[in-house]
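For the single chain, residues carry numbers from 1 onward in sequence order. Start at 1 and go down the list; that is how both ligands and their atoms are numbered.
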Amino acid sequence: MKKVNVAIDGPAGAGKSTVAKMAAEKLGFIYIDTGAMYRAVTWKALNNHVDPRDDQSLETLLKHTEIQLTQKNGSPRVICDGQDVTEQIRDPSVTRNVSFTASHRNIREDLVRRQQQLAAKGGTVMDGRDIGTAVLPDAEVKVFLTASVNERARRRYDEQVAKGIPTDIDELKQEIENRDKLDTEREVTPLKQAEDAVYLDSTKLSIEEVVKQIYQLAVKGA
Ligand code: C5P
């Protein structure tokens, strides 16, 4: 099968990373979680007392930051400057701040370049907010994946509870709404459906059904 690029965009908690990872496995493609890259920069900034609202300091920090997306025993790992930060970048402090990091033009330009290099040979499933519109405008397959905000909060809640993390569903919903607002209203390449993207509302679909649809689109696009 031809190694096409599959771009998956959508709001927070829509299940993009779960289905993108499964679709990539099924297709024999590489899964690229671009949100993890914005999170890694945010994590490093917070650790170095750099304010994620300060674009100049962030730019300097990013110039000296290496981010690798790898796999270990079949699960994606995020390595920042040689350190495995896969768990740390999911910390609520990172989640609360990541949309500030992602709002700066200079930071986006740098990370988008890195993402384009990762997809240069094709054969990727890449998820994020601007993949179909800015990172890979020529991707053969584009999907805009969403679900109702209640359903997205409920899924996140179930995930957290399964991990044994005490969680308040109303707080989760608020956090998702805040992040969506920042991501859709920012000036630079805001979260938006690409004109040629297939709209998929997963509110009433199972993970397997969504993966199947993405797989079929990739086969058709190849
Ligand atoms: O996908 P995830 O929820 O981990 O993304 C974290 C944040 O990173 C998003 O809320 C958004 O602010 C930012 N992001 C982005 N562009 C991408 C991927 C993520 O702005 N391509």
Between Lys142 and the options Asp196, Asp127, Asp130, the salt bridge (Lys or Arg N to Asp or Glu O under 4.0 Å) test singles out Asp196
Atom 4 (O) of ligand 1 sits nearest the protein heavy atom Arg39 NE, 2.7 Å
Exercise. Hey, are the side chains of Tyr38 and Arg129 touching, using non-hydrogen atoms and a 4.5 Å cut-off?
Worked result: no
The closest protein heavy-atom partner of atom 19 (C) of ligand 1 is Gly35 CA, 3.5 Å
* Does the side chain of Glu209 come under 3.5 Å of the side chain of Ser206 through a donor N or O and an acceptor N or O? -> yes
| field | ligand 1 N/O within reach of Asp183 N/O, cut-off under 3.5 Å | value | yes
Closest to atom 6 (C) of ligand 1 among protein heavy atoms sits Arg179 NH1, 3.5 Å
- request: For the pair Glu59 and Lys63, find out whether any cationic side-chain nitrogen is under 4.0 Å from an anionic carboxylate oxygen.
  value: yes
Margin query: With a cutoff of 4.0 Å, is Arg186 in contact with ligand 1, counting heavy atoms of the residue only?
Written below: yes
Any heavy atom of Ser99 under 4.0 Å from ligand 1? The part involved is both
shortest atom 18 (C) of ligand 1-to-protein heavy-atom contact is with Thr34 OG1, 3.3 Å
Candidates Lys16, Arg129, Met37, Arg108; heavy atom nearest atom 1 (O) of ligand 1 found on Arg129
Practice prompt. Decide whether Ile79 and Leu61 are clustered together by the hydrophobic rule: side chain heavy atoms of Ile, Leu, Val, Met, Phe, Trp, Tyr closer than 4.5 Å, transitively.
Written response: no
Counting heavy atoms under 4.0 Å, the part of Arg90 that contacts ligand 1 is side chain
The protein heavy atom nearest to atom 21 (N) of ligand 1 is Asp130 OD1, 2.8 Å
Between the side chains of Thr189 and Arg105, is a donor N or O closer than 3.5 angstrom to an acceptor N or O? no
Closest to atom 13 (C) of ligand 1 among protein heavy atoms sits Ala102 CB, 3.7 Å
Asn5 vs Glu140 side-chain heavy atoms within contact, under 4.5 Å
yes
